[in-house]
A.B. asks: 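I am attaching a structure below and will ask some questions about it afterwards.
What you are looking at is a predicted structure, and each value in this text was computed from that prediction instead of being measured.
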Amino acid sequence: MSKRDYYEVLGLEKSASKEEIKKAYRKLARKYHPDVNKEADAADKFKEVKEAYETLNNDQKRAQYDQFGHAGANQGFGGFGGAEDFGGFGDIFDMFFGGGGRRRDPNAPQQGADLQYTMVLDFEEAIFGKETDITVPKEESCDTCHGSGAKPGTKTKTCSHCHGTGQLNQEQNTPFGRVVNKRVCHYCSGSGKEIPDKCTTCRGAGKVKKNKKIHISIPAGIDEGQQIRVSGKGEPGVNGGPAGDLYVVIQVRDHEFFERDGDNIYCELPLTFAQAALGDEVEVPTVHGKVKLKIPAGTQTGKIFRLKGKGAPNVRGYGHGDQHVKVRIVTPTKLNERQKELLRELNELGGGSISMDEQDESIFQKFKKAFKGE
């Protein structure tokens, strides 16, 4: 099945900016995250969105993708990979030169695979950071056989097919004569060893899956889609190689009152007509606590006030963002006769008409909940 165009996946034009790519990813990642969306294809869609974002958000990968499409997005140089990734060139090289030392030694130390863990944080946890432990299933050396794969009391022996080299020689006739082509020994999977009596715990693999508890420090100001690299906490290495790394990918739950964009936080402030017309001093909730805000007389709906330094801390330690407060005039819905009479009189004196907004009541309720810290 062919892959969809990455720009189509994120719903963007090819000229989209990095900020537009980031916003589109946040929106779709929240929509399809498996912890939130229980549809059968949600995990596949989430993976597709993440893959598109990782390519288009990287300048080099995006340039390669724009030029070569999916064939060039994940390659190392000029849109193409090395000999083994070119789809047969490695085999051609081996056929003419007998391996020539280009192939990796199967017995050489190899770094273990990287692991990925998705962590979902509350809005405030992402703002202030936290220390926590997570449990990650990963491969560990088998305690029964100590990683040998052999049943306790028995030993491994040299592979009788490759004689411990991990490779088999295959002769081929070519236009240039008979050449030798080296292949990984399929009897011992390149290990050079045979296990006559396999360990009953790991069944000869030498490794077992275990749930490992790992301590994670979440830095203050981390945002949706960012990741934390924990060095050496991935899968163990092969043949004495170093362990891989663990990447903790962050997802952030929406807040009922606040919205975040980068280090800035946004909210709406409901005001009565009298407060906006006459001016007032009100308390506004922020993630750092309540602050007083002076409302000038004649403030119009849609007016935005900036609370400097009341946003999220920068995850790299470059200060704080701001909180932007947008004014929304709340239209009263329950008036007694005296109040109605005064409003009619105000309207006759040129006070202007009052528009109705069905969303005002719900906005006001959200503000009160945020103010009370519910």
A.B. asks: Of all heavy-atom pairs between Ala297 and Leu278, which one has the smallest distance, and what is that distance?
C.D. replies: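 Shortest heavy-atom contact: CB-O, 3.5 Å.
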A.B. asks: Restricting to side-chain contact (heavy atoms from CB on, under 4.5 Å), what partner residues turn up for Ala126, sequence neighbours left out?
C.D. replies: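 side-chain contact (heavy atoms from CB on, under 4.5 Å) check on Ala126 returns Leu121, Ile222, Val252, Arg260.
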A.B. asks: Do you know the tightest heavy-atom contact between Gly164 and Thr158?
C.D. replies: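 The pair with the smallest heavy-atom distance is N-CG2, 3.4 Å.
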A.B. asks: Do the side chains of Tyr247 and Tyr117 get nearer than 4.5 Å, heavy atoms only?
C.D. replies: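 When only atoms from C-beta onward are counted, Tyr247 and Tyr117 do not touch, as no gap falls below 4.5 Å.
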A.B. asks: Side-chain heavy atoms nearer than 4.5 Å, only ILVMFWY residues, links allowed to pass through others: does that put Val249 and Leu28 together?
C.D. replies: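 In one cluster: no.
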A.B. asks: In chain order, what residues pass the salt bridge (charged side-chain N to carboxylate O under 4.0 Å, His left out) check against Asp263, with sequence neighbours excluded?
C.D. replies: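 By the salt bridge (charged side-chain N to carboxylate O under 4.0 Å, His left out) rule, Asp263 matches no residue at all.
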A.B. asks: Determine whether Asp245 and Lys233 satisfy the following criterion, side chain to side chain contact (heavy atoms under 4.5 Å, CB included), listing intermediate values before the conclusion.
C.D. replies: CA-CA 5 Å; Asp245 299 327; Lys233 294 301 182 180; over 6 Å; no
A.B. asks: After noting the C-alpha distance and the side-chain angles of Gln339 and Leu342, does the key distance pass the side chain to side chain contact (heavy atoms under 4.5 Å, CB included) rule?
C.D. replies: CA-CA 5 Å; Gln339 290 171 326; Leu342 289 172; 5.7 Å; no
A.B. asks: Do Asp223 and Arg26 sit within salt-bridge range, that is, some charged N less than 4.0 Å from a carboxylate O?
C.D. replies: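 Result for this pair is yes, salt bridge flagged.
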A.B. asks: First locate atom CG of Asp261, then atom NE2 of His324, and finally report the distance between them rounded to the nearest 0.5 Å.
C.D. replies: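 Answer for the CG-NE2 pair, Asp261 versus His324, is 9.0 Å.
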A.B. asks: Would Glu268 and Arg328 pass as an ion pair if we require N to O under 4.0 Å?
C.D. replies: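 Salt bridge: yes.
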A.B. asks: When you look at CD of Glu13, are more than 12 heavy atoms from neighbouring residues, nucleotides or ligands closer to it than 6.0 Å?
C.D. replies: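 No, the 6.0 Å shell around CD holds no more than 12 heavy atoms from other groups.
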A.B. asks: Holding to side-chain contact (heavy atoms from CB on, under 4.5 Å), I want the full list of residues that pass it with Thr144, two or more places apart in sequence or in another chain.
C.D. replies: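 Testing Thr144 for side-chain contact (heavy atoms from CB on, under 4.5 Å), a comparison that skips the adjacent residues, returns Cys142, Pro152, Cys199, Thr201.
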A.B. asks: Using the rule given for side chain to side chain contact (heavy atoms under 4.5 Å, CB included), can you reason through Arg62 versus Asn57, listing the C-alpha separation, both sets of side-chain angles and the distance that settles it, and then say yes or no?
C.D. replies: CA-CA 7 Å; Arg62 183 178 181 181; Asn57 194 50; over 6 Å; no
A.B. asks: Does a sphere of radius 6.0 Å around NZ in Lys340 hold more than 12 heavy atoms from other residues, nucleotides or ligands, not counting ones at 6.0 Å or beyond?
C.D. replies: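 Buried by this count: over 12 neighbours within 6.0 Å.
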A.B. asks: Could you give all pairs that pass the ring-ring contact (aromatic ring centres under 6.0 Å, His included) test and reach residues 137-171, with sequence neighbours left out?
C.D. replies: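 Listed by first then second residue: His161-Tyr187.
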A.B. asks: Under a 4.5 Å side-chain heavy-atom rule over Ile, Leu, Val, Met, Phe, Trp and Tyr, are Tyr266 and Val282 clustered together?
C.D. replies: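 Shared cluster, no.
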A.B. asks: For residues Gln111 and Pro242, determine if any side-chain heavy atom of one lies less than 4.5 Å from a side-chain heavy atom of the other.
C.D. replies: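 When only atoms from C-beta onward are counted, Pro242 and Gln111 do touch, with a gap below 4.5 Å.
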A.B. asks: Checking Asp59 now: which residues fulfil side-chain contact (heavy atoms from CB on, under 4.5 Å) with it, not counting sequence neighbours?
C.D. replies: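 Asp59: side-chain contact (heavy atoms from CB on, under 4.5 Å) contacts with Lys18.
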A.B. asks: Run the numbers on Ile265 and Glu259 for side chain to side chain contact (heavy atoms under 4.5 Å, CB included), then give the verdict.
C.D. replies: CA-CA 6 Å; Ile265 293 176; Glu259 290 187 3; over 6 Å; no
A.B. asks: Evaluate the salt bridge (Lys or Arg N to Asp or Glu O under 4.0 Å) criterion for residues Lys209 and Glu235: first the C-alpha distance (whole Å), next the side-chain angles of each, then the deciding distance (0.1 Å), finally the verdict.
C.D. replies: CA-CA 10 Å; Lys209 281 284 186 182; Glu235 299 287 19; 3.2 Å; yes
A.B. asks: Check whether any side-chain heavy atom of Gln251 lies under 4.5 Å from a side-chain heavy atom of Thr118, and answer yes or no.
C.D. replies: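 Contact flag for Gln251/Thr118 side chains = yes.
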A.B. asks: Residues two or more places apart in sequence or in another chain: which of them pass side-chain contact (heavy atoms from CB on, under 4.5 Å) with Lys31?
C.D. replies: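 With neighbours one apart ignored, the set is empty.
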A.B. asks: Are more than 12 heavy atoms from other residues, nucleotides or ligands located less than 6.0 Å from atom NZ of Lys207?
C.D. replies: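 It does: Lys207 NZ has more than 12 such atoms within range.
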A.B. asks: Are Arg30 and Asp254 close enough, and set up right, to give a salt bridge (Lys or Arg N to Asp or Glu O under 4.0 Å), and what steps lead you there?
C.D. replies: CA-CA 9 Å; Arg30 289 191 185 102; Asp254 291 334; 2.9 Å; yes
A.B. asks: Taking the side chain as every heavy atom from C-beta outward, state whether Asp114 and Leu246 have any atom pair closer than 4.5 Å.
C.D. replies: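 Asp114 does not reach Leu246 side chain to side chain.
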A.B. asks: Less than 4.5 Å apart, any side-chain heavy atom of Ile218 and any of Glu125?
C.D. replies: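 A side-chain contact is absent here, since even the closest heavy-atom pair is not under 4.5 Å.
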A.B. asks: Between atom CG of Asp197 and atom OG1 of Thr156, what is the distance when rounded to the nearest 0.5 Å?
C.D. replies: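 Separation between the atoms: 11.5 Å.
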A.B. asks: Please determine, by modelled atom types, if Glu194 and Ser160 share a side-chain donor-acceptor pair under 3.5 angstrom.
C.D. replies: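 Yes, Ser160 and Glu194 have a side-chain donor paired with an acceptor closer than 3.5 Å.
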A.B. asks: Under a 4.0 Å threshold between the charged nitrogen and the carboxylate oxygen, would Glu19 count as salt-bridged to Lys22?
C.D. replies: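 Result for this pair is no, no salt bridge flagged.
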A.B. asks: Return the minimal non-hydrogen interatomic distance between Gly289 and Thr286, and the atom names on each side.
C.D. replies: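 Smallest heavy-atom distance, with atoms named: O-OG1, 2.6 Å.
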A.B. asks: Of all the heavy-atom pairs spanning Cys162 and Cys188, show the shortest one and how long it is.
C.D. replies: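 Reported closest heavy-atom pair: SG-SG, 3.7 Å.
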A.B. asks: Could you name each residue pair satisfying ring-ring contact (aromatic ring centres under 6.0 Å, His included) that touches residues 44-63, not counting sequence neighbours?
C.D. replies: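 Only Tyr25-Tyr53, His33-Phe46 qualify under ring-ring contact (aromatic ring centres under 6.0 Å, His included).
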A.B. asks: Report yes if some heavy atom in the side chain of Lys157 is under 4.5 Å from a heavy atom in the side chain of Pro196; otherwise report no.
C.D. replies: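 Side chain of Lys157 against side chain of Pro196, heavy atoms only: contact under 4.5 Å found.
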A.B. asks: Apply salt bridge (charged side-chain N to carboxylate O under 4.0 Å, His left out) to Asp122 and list each qualifying residue two or more places apart in sequence or on a separate chain.
C.D. replies: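 Asp122 satisfies salt bridge (charged side-chain N to carboxylate O under 4.0 Å, His left out) with Arg253 only.
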A.B. asks: With a 6.0 Å cut-off on ring centres, are Tyr6 and Tyr65 close enough?
C.D. replies: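 Centroid distance Tyr6-Tyr65: below 6.0 Å, so yes.
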A.B. asks: Do Gln323 and Val284 come within less than 4.5 Å of each other through their side chains, counting heavy atoms only?
C.D. replies: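 Counting from C-beta outward, Gln323 and Val284 do come under 4.5 Å.
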A.B. asks: Does this structure show an ion pair linking Glu48 with Arg4, if we count only N-O contacts that are shorter than 4.0 Å?
C.D. replies: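 Arg4 and Glu48: salt-bridged.
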A.B. asks: Would you indicate whether the side-chain heavy atoms of Asp280 and Leu271 approach each other to under 4.5 Å?
C.D. replies: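 SC-SC contact between Leu271 and Asp280 ruled out.
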A.B. asks: Which pairs, with at least one residue in residues 139-156 and sequence neighbours excluded, count as a salt bridge (Lys or Arg N to Asp or Glu O under 4.0 Å)?
C.D. replies: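 Found Lys138-Glu140, Asp143-Lys210.
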A.B. asks: Taking all atoms of both residues into account, what is the closest heavy-atom pair of Lys45 and Tyr32, and its distance?
C.D. replies: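 Minimum heavy-atom separation between Lys45 and Tyr32: CD-CE2, 3.3 Å.
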A.B. asks: Could you pull out the closest heavy-atom pair between Leu10 and Ala24, with the gap in Å?
C.D. replies: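 For Leu10 versus Ala24, the nearest heavy atoms are O-CB, 3.5 Å.
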A.B. asks: Can you give each donor-acceptor pair under 3.5 Å made by side-chain atoms of residues 301-312, sequence neighbours left out, with the distance rounded to 0.1 Å?
C.D. replies:
from, atom 1, to, atom 2, distance (Å)
Thr301, OG1, Val327, O, 3.4
Thr301, OG1, Ile329, N, 3.4
Arg306, NH1, Asp322, OD2, 2.8

A.B. asks: If you measure only the distance, is there a donor-acceptor pair under 3.5 Å linking the side chains of Ser217 and Glu131?
C.D. replies: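 The answer is yes; a qualifying pair exists.
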A.B. asks: To the nearest 0.5 Å, what is the distance between CG (Asp66) and CG (Leu56)?
C.D. replies: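 Asp66 atom CG to Leu56 atom CG measures 7.5 Å (nearest 0.5 Å).
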A.B. asks: Can you sort out the partners of Asp133 under side-chain hydrogen bond (donor to acceptor under 3.5 Å, both in side chains), two or more places apart, ordered by chain and number?
C.D. replies: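 For Asp133, the residues satisfying side-chain hydrogen bond (donor to acceptor under 3.5 Å, both in side chains) (neighbours in sequence not counted) are His215.
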A.B. asks: Quick test of your reading: applying ring-ring contact (aromatic ring centres under 6.0 Å, His included), list the pairs with at least one residue in residues 276-302, sequence neighbours left out, ordered by first then second residue.
C.D. replies: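 Residue pairs passing ring-ring contact (aromatic ring centres under 6.0 Å, His included), neighbours aside: Phe128-His288, His288-His320.
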A.B. asks: Starting from Val208, can I reach Val136 by hopping between I/L/V/M/F/W/Y residues whose side chains sit under 4.5 Å apart?
C.D. replies: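 In one cluster: no.
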A.B. asks: Using a 6.0 Å cut-off, check whether atom CD of Glu124 has over 12 heavy atoms from anything other than its own residue.
C.D. replies: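 Correct, the count exceeds 12.
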A.B. asks: Do the side chains of Glu348 and Arg344 get close enough for a salt bridge, i.e. N-O under 4.0 angstrom?
C.D. replies: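 Between Arg344 and Glu348 there is no salt bridge, as every charged N stays at least 4.0 Å from the carboxylate O atoms.
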